[in-house]
Amino acid sequence: MNLSVNIAGVELKNPVVTASGTFGFGHEYNEFYDLSELGGIAVKGLTLKPRLGNPPPRIAETPMGILNSVGLQNPGIEKFIEEEIPFLRKFDTKIIANISGSTVEDYIAIAEIAGNSDVDLLELNISCPNVKAGGMAFGTCPKSVEDLVKKVRAVVNRPLIVKLSPNVTDITEIARAAESSGADALSLINTLLGMRIDIKTRRPILKNNMGGMSGRAVFPIAVRMINQVYRAVKLPLIGMGGVATGNDAIEMMLAGASAVAVGTACFTDPMAPVKVRDGIVDYLKANNIDDVNDLVGQVILHD
Amino acid sequence: MAITEICTIIALKQLSPTHFDMILDAPKLSEMAKPGQFVSILCGHSRTLRRPISICDALEGTLRLVFEVRGEGTEYLSKRKVGDTLDVLGTLGCGTFPILDDDRPVLLIGGGIGAPPLLYTAKAQKAAHAVLGFRNEAAIVLKNDFYNACETLMIATDDGSFGAKGTIEAPARLLLSKNKYSAILACGPKPMLKAAQSLAEEFGIPCWLSMEERMGCGIGACLVCACKTKDENGEEKFSHVCKDGPVFPAEYMVW
């Protein structure tokens, strides 16, 4: 049985990766299982300089999901390269560096540094809803996506994934803009902008007032958007948004994802990514499918 | 190091209108428990987030958890039955209460749901005195346990329905002026923690505080449970309650 998938020329041993921001740099979950079990690890979103992140509370529970407003707290790209890459390289898994900026210049600078470091793939985060400058602002208008991706593409030799925001009217427009400007793959969906209010205090639960929604509740939205984008572009897709089981992963692959990322499910069950992979294997066995790639985009739409 | 253990509920009783006392069969977790640590419990299939609950005691293969019903998750826990099992992640927190090798007792300051983790902390010390604050007499929990675990126990209630009227500050100050303590260890609402910190400064003894914040993963990966601290050079940053804490040296806190 073949579980390996190819994303922009990089072979992942299985289609399960972790979603950026839910997994730190892997240290904590490595206590529960060997990180080599994973197809890849998308690390905590990185910026050029260290970022403190937003004040707490940074999380609120929602029906079958959560809102977060971490705000890209991270030690900066240099420290990542010095301290985290050597750790992650001890494992037989691919490293996906998720990078963000506040300005176009920021994005170019971090992409250049990250692109010259020992990572396997770059994931350009143009969809973070929790930062005041940059982030999602770049990812919600086709023109700015084109402009940014072109400039980043010009300074980066590594495979480039562009991570898309679901907070748009037509995600296929954004996907096409990323494709035509040189993206090698797309990942979707980032979190959906949401809000919760404490009815006793009449205050939002998040100190940032709003935050990004993730978890099982967003799964059908993710599946829909992945299928729309699959039909609009030729690029391989990494699907994410509420994946918690092997069956979820299969569904997302049928919609068009070549690989899937597991994120929020890790908070419920630290073993979630490994269980998702095992669930994929079970499905393939039960259905006599030899190659996981045979699932990609195989949903049969109603007329 | 953290693990998940499927634990059977051995006992569950109500201590006050909102507090519950749960004993879990937890052979592995009880071996790992350190004073000030917590566990994080899955509360049914419909909730994404586990609920962090402090360890009140760890004894002979069991974990004792005393918790307050605050929302849907803790209400779910309060409605379990003896014999039910729970998926428990633990034991969590690298910042724990120190076990002091000192002939002077420690002074424990706790309030409301901050009291339970101080019981296990008290038992781990050579000697402990405790000042506990509660809203009113009905809200008092673990009085007899603290009475047995501590040489001296003083209780304050906001309305004066039991013990001293008002906050823990006056009784704590009284004990601090009468006795010599090795440290103050505190867990409770923020105003109480600040009071504990300033009393420690006033009497020139070290102080550790247990912090609380809304949590995600519980193990330090998701970075949501931020709390502002400063390092030796005074540089401010967001530490994380679940991994760096929940207990921090008081001098590192930024309020």
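Below, chain A is the first sequence line, B the second, and so on; all start at residue 1. Because the structure is a prediction, the values reported are computed rather than measured.
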Seminar exercise, completed: Ranked by heavy-atom pairs below 4.5 Å to chain A, first place among B:Cys225, B:Gly73, B:Gly216, B:Gly218 goes to B:Gly216

Seminar exercise, completed: If one checks every heavy atom of A:Phe23 against chain B at 4.5 Å, the contacting part turns out to be backbone

Exercise. So, does A:Asn167 use its side chain to make a donor-acceptor pair with the main chain of A:Leu193 at under 3.5 Å?
Worked result: yes

Exercise. Hey, is the main chain of B:Lys28 close enough, under 3.5 Å, to the side chain of B:Glu5 for a donor-acceptor pair?
Worked result: yes

Problem set entry | Donor-acceptor side-chain pairing of A:Asn247 and A:Thr245 below 3.5 angstrom | no

Exercise. With side chains defined as the heavy atoms from C-beta onward, is the minimum distance between B:Thr91 and B:Lys34 less than 4.5 Å?
Worked result: no

Exercise. Can you tell me if A:Tyr107 uses its side chain to pair, donor with acceptor, with the backbone of A:Asn125 under 3.5 Å?
Worked result: yes

Exercise. Taking atom types as modelled and ignoring hydrogens, do the side chains of A:Thr47 and A:Asn74 form a donor-acceptor contact shorter than 3.5 angstrom?
Worked result: yes

Seminar exercise, completed: Which of A:Ile238, A:Leu38, A:Ile41, A:Thr93 passes side chain to side chain contact (heavy atoms under 4.5 Å, CB included) with A:Val17? Answer is A:Ile238

Exercise. Using non-hydrogen atoms only, which part of A:Pro55 is less than 4.5 Å away from chain B: side chain, backbone, both, or neither?
Worked result: both

For this session: Would you mind reporting whether A:Phe219 and A:Met252 have side-chain heavy atoms less than 4.5 Å apart?
Result: yes

Problem set entry | Residues of residues 234-255 of chain B near chain A, each having a heavy atom less than 4.5 Å away | B:Glu236, B:Lys237, B:Phe238, B:His240, B:Lys243

Problem set entry | Pair A:Asn190, A:Ser127: side-chain N/O donor-acceptor within cut-off below 3.5 Å | yes

For this session: Pick one of side chain, backbone, both or neither for B:Leu89, based on which atoms fall under 4.5 Å of a heavy atom in chain A.
Result: side chain

Problem set entry | Residue pair A:Pro273 / A:Tyr33: nearest heavy atoms and the distance that separates them | CG-OH, 3.4 Å

Exercise. In terms of heavy-atom pairs under 4.5 Å, which option from A:Val70, A:Thr62, A:Thr22 contacts chain B the most?
Worked result: A:Val70

Exercise. Using a cut-off of under 4.5 Å for heavy-atom pairs, which of A:Met64, A:Gln73, A:His27, A:Met271 has the most such pairs with chain B?
Worked result: A:Gln73

Exercise. Applying a criterion of heavy atom separation less than 4.5 Å, what residues of residues 40-63 of chain B form contacts with chain A?
Worked result: B:Leu42, B:His45, B:Ser46, B:Arg47, B:Thr48, B:Leu49, B:Arg50, B:Arg51

Problem set entry | Whether B:Gln14 side chain and B:Pro17 backbone form a donor-acceptor pair below 3.5 Å | yes

Problem set entry | Any donor-acceptor N/O pair, A:Asp198 side chain to A:Ile205 backbone, under 3.5 Å | no

